[in-house]
Amino acid sequence: MATIDLHMHSVISIDGELEPEEVIRRAASRGIRAAALTDHNSVRGVSRALEEAARLGIRLAKGVELDCRLGERNLHLLAYGIDERHPVFAEIEEEILDQERRCSARRLEIFHEMGLKFDDSLVLSQNPYHLSVPEDIAMVALQNPENDGCELLKPYRPGGARSGNPYVNFYWDYASQGKPAYQEVKYRSFEELNRAMLDMGAVTVIAHPGATVKEDEEAVRYMAGCGVSGMEVFSSYHRAEQRRYYGDLASRLGLTATAGSDFHGRSKPSLMPGDTGCEPAEEQAVLEAAEAAGIFGGHGGGR
């Protein structure tokens with residue numbers, strides 16, 4: 001059973017499900033002894049997670065997952081050892097939520113235009129922000145018998161090609177950057193956010209590269225040159241051959257290889273804390289490297 005997971009989300013992420021304390025309890029029940037709560041663009045759950053982790057004897061890194069832009073590409077940047085009281089986090093969260101509120105109604109319209117039948121109010125009630133989250137649209141639409149014959153939803157039903165984690169797969173297929181229902185949110189640049197994190201003494205890590213930068217080694221090399229310290233080599237997004245590829249790339253660039261499940265709860269129903277793909281024999285080395293990089297505090301501030 002896995003003992004380290006440095007990438008988990010609570011309900012404070014707009015696509016999360018569980019309260020911060022419950023995320024930590026769920027991790028503890030799975031044998032996790034070193035963890036991080038890394039909500040999307042928000043640190044409001046950090047203190048609550050720290051308190052529960054201390055009660056349960058889990059070593060917790062203070063973290064966040066930031067949406068940002070690298071050129072024209074959207075990507076996710078993990079930051080650890082943050083100062084959760086820094087005002088930049090409240091600014092970032094409100095900037096993004098304001099844009100998401102403006103996109104919410106149009107996103108519903110697009111999916112209706114694509115032929116899906118669902119109750120808008122039921123979708124909006126699925127998260128505390130009352131936003132149209134694509135994963136929630138998928139869940140509500142799949143549960144609606146009016147969509148039983150819908151070809152668009154067929155891959156996400158049991159036995160379908162995209163049924164493993166159907167809701168988040170629906171997001172990647174229809175609402176991510178470049179897809180039919182994509183609604184642009186203008187994120188801050190990678191350079192700006194990475195520098196802000198390094199300036200507060202945090203450590204930055206490229207999240208699940210297999211889902212964002214893919215095999216663009218030039219992009220990874222550029223981010224490493226900007227002070228990024230690590231790359232999430234062990235991820236629920238990565239197959240075995242990808243873990244080997246990113247592990248080799250991290251080694252060549254001097255990046256710390258980290259492990260994270262990207263646990264969200266119901267939006268990724270088959271994914272649990274600790275599902276990182278990191279083998280037990282590798283976990284101690286991953287933990288020691290994370291400690292040396294400053295992910296749990298101490299030093300930090302980049303490479």
Side-chain angles (χ1 to χ4, degrees), residues 7-20 22-23 25-27 29-30 39-42 65 67 74 76 96-97 99-185 208 210-211 235-237 239 261-275:
H7 189 167
M8 300 186 295
H9 293 267
S10 77
V11 71
I12 289 171
S13 293
I14 63 173
D15 54 355
E17 178 189 10
L18 306 176
E19 297 294 336
E22 181 56 31
V23 173
R25 289 193 289 271
R26 186 74 61 89
S29 74
R30 298 270 298 173
D39 279 315
H40 291 299
N41 308 301
S42 179
E65 185 176 24
D67 285 285
N74 291 344
H76 293 172
I96 293 175
L97 283 175
Q99 293 181 77
E100 288 284 358
R101 293 181 192 108
R102 294 201 298 269
C103 293
S104 187
R106 179 55 187 150
R107 188 178 291 121
L108 293 170
E109 290 174 357
I110 290 172
F111 281 114
H112 281 303
E113 290 166 2
M114 294 171 67
L116 295 185
K117 296 178 174 62
F118 54 85
D119 183 331
D120 291 2
S121 62
L122 185 56
V123 170
L124 298 176
S125 71
Q126 300 303 309
N127 65 82
Y129 303 97
H130 300 287
L131 295 170
S132 63
V133 176
E135 292 91 332
D136 292 338
I137 292 172
M139 181 181 69
V140 172
L142 283 163
Q143 292 172 353
N144 185 353
E146 292 182 86
N147 294 311
D148 283 353
C150 179
E151 285 297 314
L152 186 151
L153 292 177
K154 188 175 180 180
Y156 310 99
R157 296 192 185 281
R162 301 287 280 161
S163 62
N165 277 301
Y167 311 138
V168 73
N169 286 340
F170 179 88
Y171 159 77
W172 286 112
D173 294 344
Y174 286 99
S176 61
Q177 190 176 22
K179 301 299 183 178
Y182 174 65
Q183 292 292 288
E184 183 179 18
V185 173
H208 43 62
S235 167
S236 59
Y237 284 98
R239 301 181 302 276
S261 67
D262 201 18
F263 171 77
H264 278 69
R266 69 181 176 216
S267 70
K268 299 181 180 182
S270 70
L271 188 63
M272 297 297 291
D275 289 345

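Here, residue 1 is the first one in the sequence, and each next residue gets the next number. When reading the values below, keep in mind they use all heavy atoms of this one structure, side chains included, and skip hydrogens, waters and symmetry mates.
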_side-chain contact (heavy atoms from CB on, under 4.5 Å) between Val11 and Val23, worked out_ = CA-CA 9 Å; Val11 71; Val23 173; over 6 Å; no
*Might you work through the ring pair (Phe, Tyr, Trp, His ring centres under 6.0 Å) test for His7 and His264, ending with a clear yes or no?*
CA-CA 9 Å; His7 189 167; His264 278 69; 7.3 Å; no
*Got a donor-acceptor contact below 3.5 angstrom from the Ser42 side chain to the Asp39 backbone?*
no
*From Asp120 CG over to Leu108 CG, what is the distance, rounded to the nearest 0.5 angstrom?*
4.5 Å
*asked:* Once rounded to the nearest 0.5 Å, what's the spacing between atom NE2 of His40 and atom CD1 of Ile14?
replied: 7.5 Å
*Arg107/Glu100 salt bridge by N-O under 4.0 Å criterion*: yes
*Rounded to the nearest 0.5 Å, what's the gap from CD on Gln183 to OG on Ser132? Could you check?*
8.0 Å
*How far apart are the C-alpha atoms of Tyr237 and Val168, what are their side-chain angles, what is the distance that settles it, and do they pass the side-chain contact (heavy atoms from CB on, under 4.5 Å) test?*
CA-CA 11 Å; Tyr237 284 98; Val168 73; 4.3 Å; yes
*Could you state the interatomic distance from CG (Leu153) to NZ (Lys117), rounded to the nearest 0.5 Å?*
10.5 Å
*asked:* Run the side-chain contact (heavy atoms from CB on, under 4.5 Å) test on Leu152 and Tyr174 for me, step by step, so that the C-alpha distance in whole Å, both residues' side-chain angles and the decisive distance to 0.1 Å come before the verdict.
replied: CA-CA 10 Å; Leu152 186 151; Tyr174 286 99; 3.5 Å; yes
*Which pair of heavy atoms, one from Ile96 and one from Asn41, lies closest together, and at what distance?*
CD1-CG, 3.3 Å
*Check: Asn127 side chain, His130 main-chain N or O, donor-acceptor pair, under 3.5 Å*: yes
*For the pair Tyr167 (side chain) and Pro134 (backbone), establish whether a donor and an acceptor sit closer than 3.5 Å, ignoring hydrogens and angles.*
no
*Have a look at Leu142 and tell me which of Tyr156, Phe118, Phe170 forms a side chain to side chain contact (heavy atoms under 4.5 Å, CB included) with it.*
Tyr156
*So, do Tyr171 and Tyr182 have ring centers that fall under 6.0 Å from each other?*
no
*Could you state the interatomic distance from CG (Leu124) to OG (Ser104), rounded to the nearest 0.5 Å?*
5.5 Å
_Considering all heavy atoms, the nearest Ile110-Pro180 contact_ = CG2-O, 4.1 Å
_Whether the His9 and Glu17 side chains hold a donor-acceptor pair (N or O, under 3.5 Å, no angle test) is what I'd like checked._
no
_Rounded distance (nearest 0.5 Å) linking atom CD of Gln126 with atom CG of Leu122_ = 5.0 Å
*Non-hydrogen atoms of Ser163 and Gly159 that approach each other most closely*: OG-N, 3.6 Å
*Salt-bridge test for Asp275 and Arg30: reply yes if a basic N is under 4.0 Å from a carboxylate O, no otherwise.*
yes
*Which atom pair, heavy atoms only, marks the closest approach of Ser270 to Gly164?*
OG-O, 3.1 Å
_Asp173/Arg162 ion pair, N-O < 4.0 Å_ = yes
*Assess the side chains of Asp15 and Ser13: does a donor N or O sit below 3.5 Å from an acceptor N or O?*
no
_Expected output: side-chain Asn144 to main-chain Val140 donor-acceptor under 3.5 Å_ = no
*Closest heavy-atom pair and its distance - Asn147, Gly115*: OD1-O, 4.3 Å
*Closest approach of Pro166 to Pro269 (non-hydrogen atoms, all atoms of both residues)*: CD-CG, 4.2 Å
_Under a 4.0 Å threshold between the charged nitrogen and the carboxylate oxygen, would Glu113 count as salt-bridged to Arg106?_
yes
*Note, Arg157 side chain near Asp148 side chain (heavy atom, < 4.5 Å)*: yes
_Ser236-Asp262 side chain donor-acceptor pair, cut-off 3.5 Å_ = no
